[in-house]
Amino acid sequence: MTRHSDGSLWFYAGNGAGGYQTGRVIGTGWNIYDRIVGGGDSNRDGRRDLLARRTDGTLWFYAGDGRGNYESARQVGSGWQIFDHIVSAGDSNSDGVPDLVTRHPDGGLWSYAGDGTGGYKTGQKIGTGWQIYDQFVSTGDFDSDGKPDLLARHPHGSLWFYAGEGNGTYRTARQIGTGWTIYDQIVGAGDNNSDGKADLVGRKADGSLWFYAGDGMRTDGYLGARAAGSL
C-alpha cells in the first residue's frame, strides 16, 4: 500500500516472487493524514486493516474488505500527535490481536495493545533511548521464532534487530547491517517470496525498489538485494 503526494492511495499486490503487480488506485483524499499504518487484522474479522493519523492527533481505523479496499473510517483515538513514529507491531503480546509501537520525540518507546475492535488499550512504556534512530520497521516474525520483531536504522546507516519477547517488549539489539542510508524508506514486506520467512523492501531516492529475502536470522537476517521495481 502506498500514498501519492496528491493524496491518492494505491494497492500493489505481491507477485509471490519478491516483486509486485501493477498498482491500482483504491482511494483519494488520503493527504489529510500524516501517518498511515498497516494494522493487521485489528478487528478480528479475518481481513487486514489500516490505521491513519491526522495532524490534529486523531487516529482513524479503516476495516479491510479482503479485496484490497477499505470500509469507511471511524475514529479510534486522539492525542496521537505526541508521537513521531507509529508502526504496526503484529501480535507483540501474544493475545491474538495486533498491536502498535510508537516513539515519543524524547526517545521513549510505547506499546499499545489492540482491543480486537480496531482500537487500542492504554499505552505501556517499554523502552528509552530510541531517539538515536531515524527509522524503525515492523518486520513481522523476522527470526522465525513465532514472535514479531522490530528493526531500527541509525542515521549513520547501521541496521539493528530487536527480537520480540512475546509479552510486548523486545530483547537487546543486535547489529545486522551497514550502509542502509542508501534508502529513504525501509518497510517490512511480510513473506513476499513465499518461502515462509519475513522479508524487507527498501526504496532509493531515485524511485527504485529493492527486495531483501529474509533468511530467518540464520545469518544477518536477509540475503542480497535485488531490484523489485522502479518509477
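Each residue takes its place number in the sequence, starting with 1.
- Taking the six-membered ring where the residue is Trp, Trp130 and Tyr162 present tilted rings, their angle falling between 30° and 60°.
- Of all heavy-atom pairs spanning Val97 and Asp95, the tightest one is N-OD1, 3.0 Å.
- Counting only heavy atoms from C-beta outward, the side chains of His156 and Ile132 never approach each other to under 4.5 Å.
- A donor-acceptor pair is defined here as one N or O able to donate and one able to accept, closer than 3.5 Å; such a pair exists between the side chain of Arg35 and the backbone of Asp84.
- Geometrically, Arg54 engages Trp60 in a cation-pi contact defined by less than 6.0 Å to the ring centre and at most 45° from the axis.
- The closest side-chain heavy-atom distance from Phe161 to Asp143 is below 4.5 Å.
- Using a 4.5 Å cut-off on side-chain heavy atoms (C-beta onward), Asp141 and Pro148 make no contact.
- One side chain, Ser92 or Asp99, offers a donor N or O that lies under 3.5 Å from an acceptor on the other.
- Checked by atom type, the side-chain pair Ser158/Trp160 shows a donor-acceptor distance below 3.5 Å.
- Side chain of Asp41 to backbone of Gly46: a donor-acceptor contact under 3.5 angstrom is found.
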Exercise for the section: Give the C-alpha distance, both sets of side-chain angles, the deciding distance and a yes or no for side-chain contact (heavy atoms from CB on, under 4.5 Å) between Thr102 and His85. Expected result: CA-CA 5 Å; Thr102 67; His85 270 63; over 6 Å; no

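- Side chains of Ser78 and Trp80: no donor on one and acceptor on the other come within 3.5 Å.
- Side chain of Gln135 to backbone of Ile186: a donor-acceptor contact under 3.5 angstrom is found.
- Looking at Arg3, its side chain does come within 3.5 Å of a backbone N or O of Tyr33 through a donor-acceptor pair.
- At distances below 3.5 Å, at least one donor-acceptor pair connects side-chain atoms of Ser138 with backbone N or O atoms of Ser88.
- Counting Ile, Leu, Val, Met, Phe, Trp and Tyr side chains that sit under 4.5 Å apart, directly or through other members, Leu223 stands alone, with no cluster partners.
- Using a 3.5 Å distance cut-off with no hydrogens or angles, the side chains of Tyr20 and Asn192 do pair a donor with an acceptor.
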Result block: side-chain N/O donor-acceptor pairs under 3.5 angstrom for residues 175-182, not counting sequence neighbours:
residue : atom : partner : partner atom : Å
Gln175  : NE2  : Gly177  : O            : 3.4
Trp180  : NE1  : Tyr222  : OH           : 3.3

Practice task
Applying salt bridge (charged side-chain N to carboxylate O under 4.0 Å, His left out), run through Asp34 and Arg53 and close with a yes or a no.
Solution key: CA-CA 6 Å; Asp34 63 0; Arg53 184 188 68 181; 3.0 Å; yes

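- Salt bridge status for Glu165 with Arg171: present, with a side-chain N to carboxylate O gap under 4.0 Å.
- A distance of 6.0 Å or more separates the ring centres of Trp110 and Tyr120.
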